[in-house]
Amino acid sequence: MLTIGAFAKACRLSPKALRLYDELDLLRPARVDPDTGYRYYAPEQLERARLVAWLRRLGMPLARIRQVCALDPGGAAREIRAYWARVEAETTARRDLALFLVDHLIQSSQSPQASQSSASSPSSQPSQPSQSSRKDTIMLELRYSALSDTGLVRDANQDTAYAGARVLAVADGCGAGGASASTAAVEALKFLDEEPLPAGGVLNILEDAVQGAGQAVQDVAAAVGGSARDEIGTTLTAAVWTGSQLALVHIGDSRAYLLRDGELFLITHDHTVVQSLVDEGRLTPEEATVHPQRALLMKALTGGGPVPDPDLKLHDARPGDRYLLCSDGLSTVVPTEEVRRLLAAAPDPQAAVRALVDAANAAGGPDNVSCVVADVVEAGRQ
């Protein structure tokens, strides 16, 4: 048997980490001294401990590590591959934002005032265009469809789904004026269907538009008045198409997914109390699905208080990509693998949204369900 100190040194995990993993039932010691509480580990536990250490170095959340460790080697490999594909997609979005910022700063440095101040320096050289400023040789466009349904249990539909030339959006309202709140939030974004989008500034424009959506929700709540005002709110998950990228904004627990090469990736992160517990390793994803507070939001557009900071991302688009925006009336009812299968099988966005809504209702339709599906295609293709 190895002491906790010797085991920590062998597997390159700190004793503090080992104690945490014991508490989370991720890596239990082989024996605990009943008198001192001192932990001892068996040599055969080193392989699992090293796997945990490697996965932590990848940045994988503890709850997902527990899932990987419970799988056979082949299943674990597939799960790690899926996780890393999501990390790469998110890293690509951050890279694109960095390139946009570089372009913006370069353009600022080439303004008339900056040019005048640098003209006297003989060492000044014209800057080279960055990779993100070069024109794509393939022109892309979106094919899209939206569908919202009351479901089989609720009396009214408080969701709003919208798909336009540039704007895709889903909002899930709550409270006495939830339907009006979700509609107001989406309406506040529709001007982006026609608004010129300057290169490098789409995220700023989208962030400003969300402030407008928050004010619109507050106006709805003020019109309702009374004690119900503070209970009115809505989620908002939306995307703006730039011609080569999707700029994504997200508040709440509606979701956005990307279907690429047959694999489905969740590209938003739920702003819920339960999701925060999953991130901390205090709940498993399976436990989260039945938690009594699974619908409790940490962020939303509400009738009172400031507009919360949204998640903002840029996603490179490829021909063949299929994006899904949906309310939790789909994601909490239809299993992820079934969502992937239905998205992959549908011949076009209209068929996809119909199949997804039908699946939610076939599973009992306990909530309003809204879906927006958009395909990235080469311009001019039928």
Return yes if some donor-acceptor pair links the side-chain N/O of Glu378 with the main-chain N/O of Gly320 below 3.5 Å, else return no.
-> no
Do we see a donor-acceptor contact under 3.5 Å between the side chains of Tyr41 and Asp22?
-> no
For the residue pair Ser331 and Tyr257, establish whether any side-chain heavy-atom pair is separated by less than 4.5 Å.
-> yes
Can you check whether Ile267's main-chain N or O pairs, donor with acceptor, with Lys313's side chain at less than 3.5 Å?
-> yes
Straight-line distance of Arg48 CZ to Leu26 CG, nearest 0.5 Å = 5.5 Å
Test salt bridge (Lys or Arg N to Asp or Glu O under 4.0 Å) on Arg260 and Asp321 and set out the steps.
-> CA-CA 5 Å; Arg260 175 176 285 175; Asp321 283 351; 2.7 Å; yes
If you look only at distance, which donor and acceptor atoms sit under 3.5 Å apart when one is on a side chain in residues 208-225 and the other is two or more places apart or in another chain?
unit_1: Gln215; atom_1: NE2; unit_2: Asp219; atom_2: OD1; d: 2.9
unit_1: Gln218; atom_1: NE2; unit_2: Gly305; atom_2: O; d: 2.8

Any donor and acceptor pair, going by atom type alone, linking the side chain of Arg340 with main-chain N or O of Gly262 inside 3.5 Å?
-> yes
Thr268 side chain to Ala256 backbone, donor-acceptor under 3.5 Å = yes
State which residue, out of Asp172, Thr183, Thr234, fulfils the side-chain hydrogen bond (donor to acceptor under 3.5 Å, both in side chains) condition with Thr160.
-> Thr183
If two hydrophobic side chains count as joined below 4.5 Å and joins carry through other members, does Leu203 share a cluster with Ile251?
-> yes
Check: His315 side chain, Ala317 main-chain N or O, donor-acceptor pair, under 3.5 Å = no
Using atom types as modelled and distance alone, determine if a side-chain donor or acceptor of Thr332 lies under 3.5 Å from a backbone N or O of Gly329.
-> no
Tell me, with the steps shown, if Arg64 and Glu79 meet salt bridge (Lys or Arg N to Asp or Glu O under 4.0 Å).
-> CA-CA 9 Å; Arg64 193 157 186 174; Glu79 183 68 16; 2.8 Å; yes
Is it true that Arg322 and Asp375 have a side-chain N and a carboxylate O under 4.0 angstrom from each other?
-> yes
Under 3.5 Å side-chain donor-acceptor pair for Asp311 and His271 = yes
Under 6.0 Å from the CD atom of Glu194, do we count more than 12 heavy atoms belonging to anything else shown?
-> no
Can we say Arg50 and Glu47 salt-bridge, meaning some charged N sits less than 4.0 Å from an Asp/Glu carboxylate O?
-> no
For residues Arg81 and Tyr83, is any side-chain donor paired with an opposing acceptor at under 3.5 Å?
-> no
Should Glu141 and Arg143 count as an ion pair when the cut-off is N to O under 4.0 Å?
-> yes
Is the closest side-chain donor-acceptor distance between Ser254 and Ser327 under 3.5 Å?
-> no
Asp270 side chain to Thr272 main-chain N or O, any donor-acceptor pair under 3.5 Å?
-> no
Can you give me every donor-acceptor pair (side chain of residues 356-374, partner residue at least two apart or in another chain, under 3.5 Å) with its distance?
unit_1: Asp358; atom_1: OD1; unit_2: Arg354; atom_2: NE; d: 3.2
unit_1: Asp358; atom_1: OD1; unit_2: Arg354; atom_2: NH2; d: 3.1
unit_1: Asn361; atom_1: ND2; unit_2: Asp149; atom_2: OD2; d: 3.2
unit_1: Asp367; atom_1: OD1; unit_2: Arg154; atom_2: NH1; d: 3.3
unit_1: Asn368; atom_1: OD1; unit_2: Gln158; atom_2: N; d: 2.9
unit_1: Asn368; atom_1: ND2; unit_2: Thr150; atom_2: O; d: 2.8
unit_1: Asn368; atom_1: ND2; unit_2: Ala156; atom_2: O; d: 3.0
unit_1: Ser370; atom_1: OG; unit_2: Ser148; atom_2: OG; d: 2.6
unit_1: Ser370; atom_1: OG; unit_2: Asp159; atom_2: OD2; d: 3.1

Given the rule that I, L, V, M, F, W and Y join up when any side-chain heavy atoms are under 4.5 Å apart, are Val32 and Leu27 in one cluster?
-> no
Hydrophobic cluster membership, Tyr38 vs Leu20, 4.5 Å side-chain cutoff | yes
Leu168 versus Leu325, closest heavy-atom pair with distance | O-CD2, 3.7 Å
Would you check if Ile65 and Leu51 make a side-chain contact, meaning some heavy-atom pair closer than 4.5 Å?
-> no
